[in-house]
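First listed ligand is number 1; within each ligand, the first listed atom is number 1. Note that the structure is predicted; figures quoted are calculated from it, not measured.
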Amino acid sequence: MIIAVDGPAASGKGTIARALARHYGVPHLDTGLLYRAVALSLARAGGDPADAAEAEAATAFPDALLADPELREEATGALASRVSAHGGVRAALMERQRGFAAQPGGAVLDGRDIGTVIVPDADAKLYVTASPQVRADRRVREMEQHGISADREAMVAEIIARDARDMGRDNAPLMQADDADLLDTSNLTIEQAIQRAIALVDARLECHGKM
Ligand code: CDP
């Protein structure tokens, strides 16, 4: 059983994907971490995110980088959204993601193009979203919990800019797949969003005779 969860920054897709993986007893891959690792590796090498060849070379990052706390920083996310626009970077990370999805028993993957490009034949697809204001509030709260102060208005602007980059790029732009279920979490608690996600996935699995 393969579940694809896509959506913009701070929509709740990561939390939902982790909860689905726990619920169905399958492994989970946060594919954003791979793009963040490319970004961090490039930044540390002093590379230029606009240079396709330099960004592509950074896809050969060591696995240990996936545990680096700097991956979670907002600046790394913003840089990831720049390096991820290069087709060569996306192609270099594709096999790794498809291999993860193909393991026996299935998997949950979350990202931007899981249901559209990585596993178009996934059994269930969710497109998780929320208004930019709600997403900015969540990010600011998350950062404050980690002792980092953040400006709400600057965060709204950053989220809108990141959406525009992710949705406007030529290679695998962020969009809802035709056969994905839309889950708007703007007015839902985390618990409500998870319950709704499970109900949507259950309905899809029943359709496919997988339950
Ligand atoms: O956690 P958040 O939603 O802020 O970001 P993320 O999922 O870690 O992704 C960081 C950036 O990587 C995104 O803004 C995308 O540009 C890129 N990305 C992508 O292009 N494709 C994916 N499957 C996952 C992330």
*Asks:* For Ile198 and Leu20: C-alpha separation, side-chain torsions, deciding distance, then whether side chain to side chain contact (heavy atoms under 4.5 Å, CB included) applies.
*Replies:* CA-CA 7 Å; Ile198 291 172; Leu20 288 172; 3.8 Å; yes
*Asks:* Go through the side-chain N and O atoms of Arg165 and Ser84 and say whether any donor and acceptor fall under 3.5 Å apart.
*Replies:*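 No, no side-chain donor-acceptor contact under 3.5 Å.
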*Asks:* Checking a contact table here: which protein heavy atom is nearest atom 7 (O) of ligand 1, and how many Å away?
*Replies:* Arg112 NH1, 3.0 Å
*Asks:* Does some side-chain heavy atom of Asp163 sit less than 4.5 Å from a side-chain heavy atom of Ile159?
*Replies:*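 Contact flag for Ile159/Asp163 side chains = yes.
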*Asks:* Is there a heavy atom in Arg139 that sits closer than 4.0 Å to ligand 1?
*Replies:* yes
*Asks:* May I ask you to decide whether Arg44 forms a salt bridge with Asp68, counting only side-chain N to carboxylate O separations under 4.0 Å?
*Replies:*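 Here Arg44 pairs with Asp68 in a salt bridge, since their nearest N and O are under 4.0 Å apart.
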*Asks:* Find all atoms of ligand 1 within a distance of less than 4.0 Å from any non-hydrogen atom belonging to Gly32, and give their numbers and elements.
*Replies:*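 Checking each atom against Gly32, I get 6 (P), 7 (O), 8 (O), 9 (O), 24 (C), 25 (C).
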*Asks:* Starting from atom 10 (C) of ligand 1, which protein heavy atom do you reach first, and at what distance in Å?
*Replies:*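 Heavy-atom neighbour on the protein nearest atom 10 (C) of ligand 1: Arg162 NH1, 3.5 Å.
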*Asks:* Give the atoms of ligand 1, by number and element, whose distance to some non-hydrogen atom of Asp113 is under 4.0 Å.
*Replies:*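 The atoms of ligand 1 under 4.0 Å from a heavy atom of Asp113 are 23 (N).
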*Asks:* Just to confirm my output: which protein heavy-atom neighbour is closest to atom 5 (O) of ligand 1, and how far is it?
*Replies:*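 Of the protein heavy atoms, Arg36 NH2, 3.3 Å lies nearest.
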*Asks:* Checking a contact table here: which protein heavy atom is nearest atom 17 (C) of ligand 1, and how many Å away?
*Replies:*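 For atom 17 (C) of ligand 1, the nearest protein heavy atom comes out as Ser84 OG, 3.6 Å.
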*Asks:* Heavy atom of Gly14 under 4.0 Å from ligand 1?
*Replies:* no
*Asks:* Looking just at side-chain N and O atoms, do Arg96 and Thr59 make a donor-acceptor pair shorter than 3.5 Å?
*Replies:* no
*Asks:* Is there a side-chain contact between Leu40 and Phe61 in this structure, where contact means two heavy atoms from C-beta onward sitting under 4.5 Å apart?
*Replies:* no
*Asks:* For atom 12 (O) of ligand 1, grab the closest protein heavy atom and report residue, atom and distance to one decimal in Å.
*Replies:*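 Nearest protein contact, heavy atoms only, for atom 12 (O) of ligand 1 is Tyr35 CB, 3.6 Å.
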*Asks:* Regarding ligand 1, does Gln97 bring an N or O atom to under 3.5 Å of one of the ligand's N or O atoms?
*Replies:*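 There is no such contact.
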*Asks:* Between Arg135 and ligand 1, find which residue part has any heavy-atom pair under 4.0 Å and reply side chain, backbone, both or neither.
*Replies:*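 Neither; no heavy atom under 4.0 Å.
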*Asks:* Under 4.0 Å, heavy atoms only, figure out whether ligand 1 is touched by the backbone of Ala172, its side chain, both or neither.
*Replies:* neither
*Asks:* Once rounded to the nearest 0.5 Å, what's the spacing between atom CZ of Arg139 and atom CD1 of Ile148?
*Replies:* 11.0 Å
*Asks:* Does even one non-hydrogen atom of Arg169 get within less than 4.0 Å of ligand 1?
*Replies:*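 A heavy atom of Arg169 does come that close to ligand 1.
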*Asks:* Could you tell me whether some N/O pair between Asp110 and ligand 1 is separated by less than 3.5 angstrom?
*Replies:* no
*Asks:* Counting C-beta onward and ignoring hydrogens, is there a side-chain heavy-atom pair between Ile190 and Ile16 closer than 4.5 Å?
*Replies:* no
*Asks:* Has the side chain of Arg138 got a donor or acceptor atom that lies under 3.5 Å from a matching backbone atom of Arg141?
*Replies:*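 No; judged by distance alone, with no hydrogens or angles, the pair does not exist.
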*Asks:* List ligand 1 atoms under 4.0 Å from Ala10, heavy atoms only on the residue side.
*Replies:*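 Counting atoms of ligand 1 from 1, those under 4.0 Å from Ala10 are 3 (O).
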*Asks:* Against Arg112, only a single residue in Asp6, Thr31, Asp166 fulfils side-chain hydrogen bond (donor to acceptor under 3.5 Å, both in side chains); can you say which?
*Replies:* Asp166
*Asks:* Using distance alone, decide if ligand 1 has a nitrogen or oxygen within less than 3.5 Å of any nitrogen or oxygen in Lys13.
*Replies:* yes
*Asks:* Compute whether any side-chain donor of one residue and acceptor of the other, for His86 and Asn171, lie under 3.5 angstrom apart.
*Replies:* no
*Asks:* Taking N or O atoms only and a 3.5 Å limit, does Asp166 qualify as a polar contact for ligand 1?
*Replies:* yes
*Asks:* Could you check atom 23 (N) of ligand 1 against the protein and tell me its nearest heavy-atom contact, residue, atom and distance included?
*Replies:*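 Of the protein heavy atoms, Thr31 OG1, 2.9 Å lies nearest.
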*Asks:* Using heavy-atom distances only, which candidate in Glu74, Arg90, Arg82 approaches atom 20 (O) of ligand 1 most closely?
*Replies:* Arg90
*Asks:* Would you kindly confirm whether Leu42 and Leu66 end up in one hydrophobic cluster when ILVMFWY residues are joined by side chain heavy atoms under 4.5 Å apart?
*Replies:* yes
*Asks:* Taking only heavy atoms of Ala80, which atoms of ligand 1 are found under 4.0 Å from at least one of them?
*Replies:* 10 (C), 11 (C), 12 (O)
